Each structure stands twice: as C-alpha cells, then as structure tokens.
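The structure presented is a predicted model; accordingly, all values stated were derived computationally and were not measured. Along the sequence shown, residues carry numbers from 1. Order of listing sets the numbers, starting from 1, for every ligand and every atom in it.
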Amino acid sequence: MHLPDLNIAKDRSSKNNIYIDLKEDYKKAFFGKKYFLRTYGCQMNVHDSEAIRAYLEALGFISTSNIEEANVVVLNTCAIRENARDKVIGFLGKCKYLKKNHDDFKIVLAGCMTEQPDFVDIIMKKHKYVDILIGTHNIQDLPKLLLESFNKQVVEVYSNSDEIIEGMNYERDSKVTAWVNIMYGCDKFCTYCIVPYTRGRERSRKLDSIVSEVKHLKDNGYKEVTLLGQNVNAYGHDIGETFSNLLECVAKTGIERIRFVTSHPWNFTDEMINIIAKYDNIMPYIHLPIQSGSNRILKKMNRRYTKEEYLELFNKMKKTIPNVAITTDIIVGFPGETESDFEETLDIVKKCEYDGAYTFIFSPREGTPAAKMVDNTSLEEKESRLQRLNEVVNYYSNKNNQKLLNKVVPVLVLGESEKDKNKVYGYTDTMKLVNINGGKELIGKIVSVKITDAKSFSLDGDYIKEA
Ligand code: SAM
Ligand code: SF4
C-alpha cells in the first residue's frame, strides 16, 4: 500500500524518461468483460482517460455506457474545486448499490482526488467497498492491480514521480483531433491551486518523441493536435529546450491545425508570439488565464505578473498575431478580495474584450496556502460577483461573435450535432463552436462556412465548400 503525502508531493528533484508496454501475459486476461469509465475535470484528465481506456481494452475489456452491465467502473476524478468531490462521492453511492447485487464488479478511483490525503482517508474509512485507488503518477499499474485479486481495498498512490512517460498508448476519443501531452506537472505553486501537489513536478517529454507522435497522428488522418501541459510555456526548461522551438518543429510536420493549452502569462516569450504568427497551421487562439485584475490579489495568488504586464503581453499578441482570439480564466472571491479588487477584474475584462472566459468562485483546497488565508466575504456576495462578471464576459463573447456574422470562416467538422441530426458541428480556427447545416460526409474535413447567426456561446452557419 502507498498513501499520498502532500510533503512528498512538494519535492522537486530528479527525473527519468520511461517507456511503457503492457506485459504479454496480461493481454486479453479479461476478454469479453465490460468497463464503464467516467471522466471529471480538465483536458489532462480527458487525455489520461484515453490511456486508461487503452489499458482496459488491451486487457480485453469492452466499453459500455450502461454502468449496470459493467464488471469494472473507473472514475477518473478531479480535485480542482470542492464541487467535483461532491459529484464523485454522490456517484459512489450508485456504484455501492450495484456492487451489492453483482459478484463480479470492481470500483476503481483514479485521477487527482486520489492524490489528496484527506480524500483517501474518507474513502478508506467510509467507502471500504471501493476496490482500488490509483494515483496520477502510476496509471500504468492499473492492469497489474486489476489482475491481482485482493480481498481488501488497495491504495497505490505515489505523491511524486521522477518519471516522464514516453510512448504511452491511447485509445483516442476522436479520429480527427488528438491531445498530445508535452509535459507533466506544474512548478508554479499558485497559492489557490492543488495541481502542483496532485500532478507533481514539471517534467518535459523529449522533443523528438513529441514530433514523432504528431507525425504518426498526421499519417493516420488526424487534422488537429492540441499540445497539452499545465503551463506549456515552461516546456523544455528542464531538458534544454523551449516551447517556441517545439511549436516550430510541430508546425513543420505539416499537420493542418495545432493548438496548445494552457499558457501561463508569466513566461510567454516574444519568440512564441512570433512563431504563432509565422505558421498558418498554428491556430490564432490563445487561452491566457488572468485570474484577477487586481495587483494586490495577483500577488496573494503568487501569479508572478501584474495586470500592467498582462495587458502589455495581451496587446502584443493582438498586434502580432492576425485575427487572434484570446480567452481567459478568472477566480472571484479569492480570500481578501474587496469590491474594489473585483471592480478591477471587471475593468480588465472590459479592456481585453475576451472572446470567452471560464469563471469560478474560489474553492479552498486543503494543503494549499490560500486555504489558510482569512476569508471574510460571504458566499452570497461571491455568487453575486460571479453573476456580475459573467454578464460582462458574455457581453464581449457575443460582441466578438457578432463580428463574424455573414463572414465565411474555416471550420474543422468534428461530428453530428446532438440536437439536430441534419446538422454537424465543428470549430473555427479561433476555437468558436459552429453548428452547420450540412451532412455527416463533412466530418473530418476543414470546410468554408458562412456564419448566419451569432450567440454568446456558439455560431450557426451554412456549408459553402471544402476549404
Ligand atoms: N495551468 C492553468 C493556468 O495556470 O492557468 C490552469 C489549470 S486549472 C486546471 C484551471 C483553472 O481552474 C485555473 O486557471 C483557475 O482559474 C481555476 N482554479 C484552480 N484552482 C482553483 C480553486 N482553488 N478555486 C477556484 N478555481 C480554481
Ligand atoms: Fe495551478 Fe498555477 Fe500551475 Fe496553473 S500554473 S496549474 S493555476 S499552480
């Protein structure tokens, strides 16, 4: 048994590249059995679930969306805010009930929550029926843990890792767009954030392995890759590389669309901006979280930039990258945030006129410095600030979308619209969702679409021709 420990999670020492392959004698051991996988949280978790799925399917499991017929249920959890925990605990109730009436039913908890000692403690004391808890650093142990049969709960969670995983297999959700992990972990330690503890130190993958993965995806018909990391700008600092060089090498593979998330404003260099502007296959879309418009709060958050520095970077991007769309993340109700701090946040949203923003109420995470800060603002006040912020954010999203009305834009078509079977949906180069009057034959293609209606969160359009 290995239990998580936040002190070990803080350690930032050596690293090591490892290559993973499933043992021959594990393959197809569960032939014909079924798995149900549910993913909570960010793109990183979505991509980890693609690795979990690859392991389960190599073991012979078949996917099911009906939990009642599953033999193994995997919940890939998120720890970023408290409400994510409530959802998982709620869902476990249903799993417990199913397990009572099913003698071949295992419950696995994976993802960031299992890296939190207080969560693991609750599961060990109150949810003994959960079979396996596995951490973010050792997904590769899942086959071994499923194969060994235990009569008790197994907790295999490591709080840090010196491993950089190369050559991981993924059972990807899409045949058109793919996530590509370029680095693991985060060393920024923003005071509110649990990620540096749940995901470990920053570890960059080798540039050659990443470029080979992109070439392989391109050769297999993929049109778009999204380079993934908690702070992609920091890519390479541990291996003598830079993100701008990686971006350029990926652009030269000729894959049609390249995106990346997430960028911390602190070390976004001019070189990166110039490379984005130089290559047509690097999409003109940047997610640039600001978190707050108040310098006092930014300092308490340990964000390492002032609003003036952020604005300078923002304006440089707008000036250098033609037609760039910029979105952001904002937290309201950080401990000590006053009405005047909040008004500074509203002010910066008005100055930046963002294409969109993910907005959150501060959620204290045990073990982080902000969880210990004095917080006198009521939840009611925080909710009212969130609502006021969302009104301003939506106004500008809508304003930006209206600019596209009657214009013809390139859209990568991803699938059938869920609401209307006569429509398909896709994303513009600037990452705007478009519902298109058009048939299934357009899926996987980049097409020209004339925008006929614009709302805050999506656009409607008519198919014109292949782009
Ligand atoms: N690495 C990214 C960055 O630096 O912007 C963020 C990754 S985090 C998964 C996504 C967003 O969740 C953050 O940008 C932040 O706005 C929000 N977030 C993180 N911790 C939070 C907390 N304790 N309470 C509320 N929102 C939080
Ligand atoms: Fe969390 Fe900050 Fe790291 Fe982003 S950069 S993952 S917000 S600690």
Side-chain angles (χ1 to χ4, degrees), residues 6 9-10 12 39-48 76-86 111-113 115-116 136 179 181-203 226-235 237 243 260-268 286-293 297-305 310 313-314 326-337 345 348-349 354 356-373 375 377 379 382-383 385-386 389-390 393:
L6 292 184
K10 273 189 211 155
R12 258 72 188 142
T39 310
Y40 301 83
C42 68
Q43 298 97 332
M44 203 67 75
N45 260 20
V46 171
H47 191 38
D48 282 351
N76 190 10
T77 62
C78 165
I80 204 86
R81 283 170 290 275
E82 190 62 25
N83 58 1
R85 181 179 291 200
D86 301 341
C112 288
M113 262 183 206
E115 295 285 343
Q116 293 184 290
T136 59
W179 307 108
N181 233 327
I182 62 165
M183 61 189 296
Y184 300 95
C186 178
D187 288 348
K188 294 289 169 290
F189 286 102
C190 301
T191 55
Y192 51 82
C193 187
I194 195 74
V195 169
Y197 308 85
T198 60
R199 292 279 172 174
R201 71 193 65 150
E202 281 174 357
R203 285 114 61 214
T226 302
L227 308 179
L228 263 188
Q230 286 300 346
N231 172 21
V232 290
N233 319 9
Y235 171 79
H237 73 90
F243 184 56
F260 53 89
V261 278
T262 298
S263 293
H264 189 298
W266 182 56
N267 45 7
F268 208 113
I286 298 172
H287 185 61
L288 195 69
I290 182 156
Q291 313 297 0
S292 168
I297 297 298
L298 286 172
K299 194 153 193 244
K300 285 181 82 176
M301 289 177 162
N302 189 30
R303 285 294 286 182
R304 306 161 193 239
Y305 53 81
Y310 181 95
L313 174 66
F314 182 94
I326 302 180
T327 56
T328 199
D329 287 348
I330 298 170
I331 297 176
V332 299
F334 187 81
E337 183 191 70
T345 298
I348 205 143
V349 172
Y354 290 110
Y358 296 98
T359 56
F360 312 101
I361 291 179
F362 167 73
S363 173
R365 309 315 296 132
E366 192 167 313
T368 62
K372 294 190 206 97
M373 294 179 190
D375 186 1
T377 313
L379 180 61
K382 291 183 183 193
E383 282 171 346
R385 284 182 195 167
L386 183 69
L389 173 63
N390 285 343
V393 164

Problem - Within-shell test, R303 vs ligand 2, heavy atom, strictly < 4.0 Å - result: yes

Fill in the blank from the handout: Quick note on ligand 2: atoms under 4.0 Å from a heavy atom of V195 include exactly 6 (S)

Exercise for the section: Look at E337 together with K300 and state whether they make a salt bridge at an N to O cut-off of under 4.0 Å. Expected result: no

Handout entry: Nearest candidate to atom 8 (S) of ligand 1, where distance is taken over non-hydrogen atoms, out of N83, I80, V232, V261
Key = I80

Handout entry: Sub-4.0 Å atoms of ligand 1 with respect to non-hydrogen atoms of R365
Key = 23 (N)

Exercise for the section: Quick one: look at I361 and ligand 1, take heavy-atom pairs under 4.0 Å, and tell me if it's side chain, backbone, both or neither. Expected result: backbone

Handout entry: Residue and atom name of the nearest protein heavy atom (relative to atom 3 (Fe) of ligand 2), distance in Å to one decimal
Key = C186 SG, 2.3 Å

Problem - C190 N/O/S atom closer than 2.8 Å to atom 2 (Fe) of ligand 2 - result: yes

Exercise for the section: Could you verify whether a donor N or O on one side chain and an acceptor N or O on the other, from T327 and H287, lie under 3.5 Å apart? Expected result: yes

Practice task
Would you check if the distance from the ring center of F243 to the ring center of F260 is below 6.0 Å?
Solution key: yes

Fill in the blank from the handout: Counting from 1 in the order shown, the ligand 1 atoms closer than 4.0 Å to a non-hydrogen atom of T262 are 2 (C), 3 (C), 5 (O)

Practice task
Report the part of E82 (side chain from C-beta onward, or backbone N, CA, C, O) that has a heavy atom under 4.0 Å from ligand 1; answer both or neither where that applies.
Solution key: neither

